[in-house]
Amino acid sequence: MNKLATSLSVALCAGALFGATDEIGMAVARTFAGKTAVITGAASGMGLCTSRTLAAAGATVFMCDINGDGVRKAADEINAQGKGRAYAVEADVRKFEDAERSAALAVEKTGKIDLLINYAGGNEARCCSSYKPIYEQPQEVIDWGLDTNLKGAVYFSRACMPYMVKAKSGVIVTLGSVTGFECDGNSTYGITKAGLDRLALTLAKAGAPYGIRAFCVAPGPVLTRPAMAKMKTALGFASEPQEVVDYILFMASPKGRSITGTTHVIDAGRLVLSRSSTADALQDGSGRNYRK
């Protein structure tokens with residue numbers, strides 16, 4: 001697999017803002033001033049949007065991504081704004097030692113971890129350009145999906161949570177997907193996204209005695225790449241990255257203090273549609289239907 005295929009965050013954050021623009025959003029964002037956040041998949045997509053939003057609010061963000069050049073460039077751009085602080089961390093979420101190193105760096109620099117958001121992931125069929133039924137997928141493709149989407153979130157949660165336990169405070173967010181409800185026939189993506197719902201519940205149970213919250217957000221199509229605009233929703237549009245980020249940060253803020261152990265769908269009504277209308281055929285790299 002080439003470097004593009006192994007990137008944990010391949011989408012561009014087109015149109016992302018450097019902060020929430022509405023009054024409520026700005027009020028929520030301000031609650032993160034002085035906070036420390038560890039964000040995976042931060043070189044692009046919603047991970048980048050979140051890093052920008054938090055830094056604009058005065059937070060310190062540790063931007064973790066396997067794309068070292070990309071995450072360093074993104075952190076430099078954020079730091080040039082002169083508000084919060086961004087640290088670029090080249091890290092592979094599939095390696096526990098990278099998760100431990102990332103968490104330790106955050107504590108070394110700021111003394112704490114207030115927020116962890118596990119964004120890193122991707123559909124292995126698309127990311128590895130292997131458009132086959134799941135029963136024909138090579139082992140390395142299956143392993144990429146399981147390790148990136150599920151084990152990566154487990155690893156980073158395991159690495160960061162002890163510091164939150166010690167501080168008796170913290171929030172952990174896992175990024176599921178409506179595909180966790182739908183699943184598909186050519187990847188483990190839906191399986192792993194369903195697993196992130198259970199991970200959030202597990203972390204919430206373990207963290208509650210220490211004031212730690214955990215929840216899962218399951219987006220539908222989000223405009224982090226052009227193909228998302230073609231996915232059907234009841235409302236007829238795909239979500240903007242920033243609106244999903246604002247939703248996440250609202251729940252991660254003190255305004256969401258009662259939210260833990262649950263999964264929250266933000267999908268413009270994707271799941272409202274019948275299963276027959278949302279079932280996406282296997283596709284090749286050009287987007288054409290794939291059949292043997």
Side-chain angles (χ1 to χ4, degrees), residues 8 28-42 46-47 50-51 53-55 57-65 84-89 91-121 149-176 195-218 245 247-264:
L8 303 187
V28 170
R30 281 195 293 270
T31 68
F32 291 99
K35 301 295 185 181
T36 297
V38 175
I39 300 171
T40 70
M46 287 189 291
T50 303
S51 299
T53 302
L54 288 173
T60 300
V61 293
F62 290 82
M63 303 173 65
C64 307
D65 203 289
R85 181 76 169 88
Y87 289 89
V89 185
D92 185 342
V93 298
R94 298 169 296 180
K95 298 178 179 179
F96 183 57
E97 58 267 30
D98 282 14
E100 287 189 306
R101 175 172 54 83
S102 301
L105 178 63
V107 174
E108 175 190 340
K109 296 295 184 181
T110 69
K112 59 181 179 175
I113 299 174
D114 299 298
L115 175 63
L116 165 65
I117 308 183
N118 292 295
Y119 280 115
N149 293 312
L150 185 55
K151 285 175 65 176
V154 173
Y155 282 168
F156 264 79
S157 299
R158 168 62 180 84
C160 292
M161 195 168 177
Y163 298 108
M164 296 179 176
V165 168
K166 185 176 181 180
K168 292 183 169 55
S169 177
V171 178
I172 299 175
V173 184
T174 63
L175 258 291
L196 292 176
D197 162 88
R198 299 294 89 183
L199 173 60
L201 178 58
T202 300
L203 297 174
K205 288 183 175 181
Y210 306 98
I212 299 167
R213 297 191 292 115
F215 59 87
C216 178
V217 174
V245 168
Y247 186 78
I248 291 169
L249 294 183
F250 172 82
M251 291 194 295
S253 78
K255 294 288 186 181
R257 71 187 187 98
S258 297
I259 298 171
T260 193
T262 46
T263 292
H264 305 264

Set of side chain to side chain donor-acceptor pair (under 3.5 Å) partners for Ser51, sequence neighbours left out: none

Leu54 versus Ile39, closest heavy-atom pair with distance: CD1-CD1, 3.9 Å

Listed partners of Lys112 passing salt bridge (Lys or Arg N to Asp or Glu O under 4.0 Å), at least two apart: Asp114

Given Val165, Ile113, Leu115, Asn118, the one that forms side chain to side chain contact (heavy atoms under 4.5 Å, CB included) with Cys160: Ile113

By ring pair (Phe, Tyr, Trp, His ring centres under 6.0 Å) - contacts of Phe156 (at least two apart): none

Which atom of Ala120 lies closest to which atom of Val93, heavy atoms considered: CB-CG1, 3.9 Å

Approximate separation, where rounding is to 0.5 Å, of Thr50 OG1 and Ile117 CD1: 5.0 Å

Please tabulate, for side-chain N and O atoms in residues 196-213, each donor-acceptor pair with protein atoms closer than 3.5 Å (sequence neighbours left out).
unit_1: Asp197; atom_1: OD1; unit_2: Thr263; atom_2: OG1; d: 2.4
unit_1: Thr202; atom_1: OG1; unit_2: Arg198; atom_2: O; d: 2.9
unit_1: Arg213; atom_1: NH1; unit_2: Met251; atom_2: O; d: 2.9
unit_1: Arg213; atom_1: NH1; unit_2: Gly256; atom_2: O; d: 2.8
unit_1: Arg213; atom_1: NH1; unit_2: Ile259; atom_2: O; d: 2.8
unit_1: Arg213; atom_1: NH2; unit_2: Met251; atom_2: O; d: 2.9
unit_1: Arg213; atom_1: NH2; unit_2: Ala252; atom_2: O; d: 3.3
unit_1: Arg213; atom_1: NH2; unit_2: Ser253; atom_2: O; d: 3.2

Flag side-chain contact, heavy atom, 4.5 Å: Val61 against Phe32: no

From Arg101 atom CZ to Asp98 atom CG, the distance as rounded to the nearest 0.5 Å: 4.5 Å

Contacts of type side chain to side chain donor-acceptor pair (under 3.5 Å), residue Ser169, not counting sequence neighbours: none

Under the side chain to side chain contact (heavy atoms under 4.5 Å, CB included) test, residues paired with Glu97 that sit two or more places apart: Lys95

Shortest non-hydrogen separation from Asn149 to Gly121 and the atoms involved: OD1-CA, 3.0 Å

Residues in side chain to side chain donor-acceptor pair (under 3.5 Å) contact with Thr36, at least two apart in sequence or another chain: Thr110

Qualifying residues under side chain to side chain contact (heavy atoms under 4.5 Å, CB included), relative to Arg158, sequence neighbours excluded: Phe96, Pro162

Separation of Thr40 OG1 from Asp92 CG (nearest 0.5 Å): 11.0 Å

Heavy-atom pair of closest approach, residues Met164 and Leu116: CE-N, 3.9 Å

Distance (rounded to the nearest 0.5 Å) between Lys255 NZ and Thr31 OG1: 9.0 Å

Check against side chain to side chain contact (heavy atoms under 4.5 Å, CB included), Val245 and Tyr119: CA-CA 11 Å; Val245 168; Tyr119 280 115; 4.1 Å; yes

Qualifying residues under side chain to side chain contact (heavy atoms under 4.5 Å, CB included), relative to Lys166, sequence neighbours excluded: none

By ring pair (Phe, Tyr, Trp, His ring centres under 6.0 Å) - contacts of Phe215 (at least two apart): none

Contact summary for Met46 and Leu175, nearest pair of heavy atoms: CE-CD1, 4.2 Å

Set of residues satisfying ring pair (Phe, Tyr, Trp, His ring centres under 6.0 Å) with respect to Tyr87, sequence neighbours excluded: Phe62

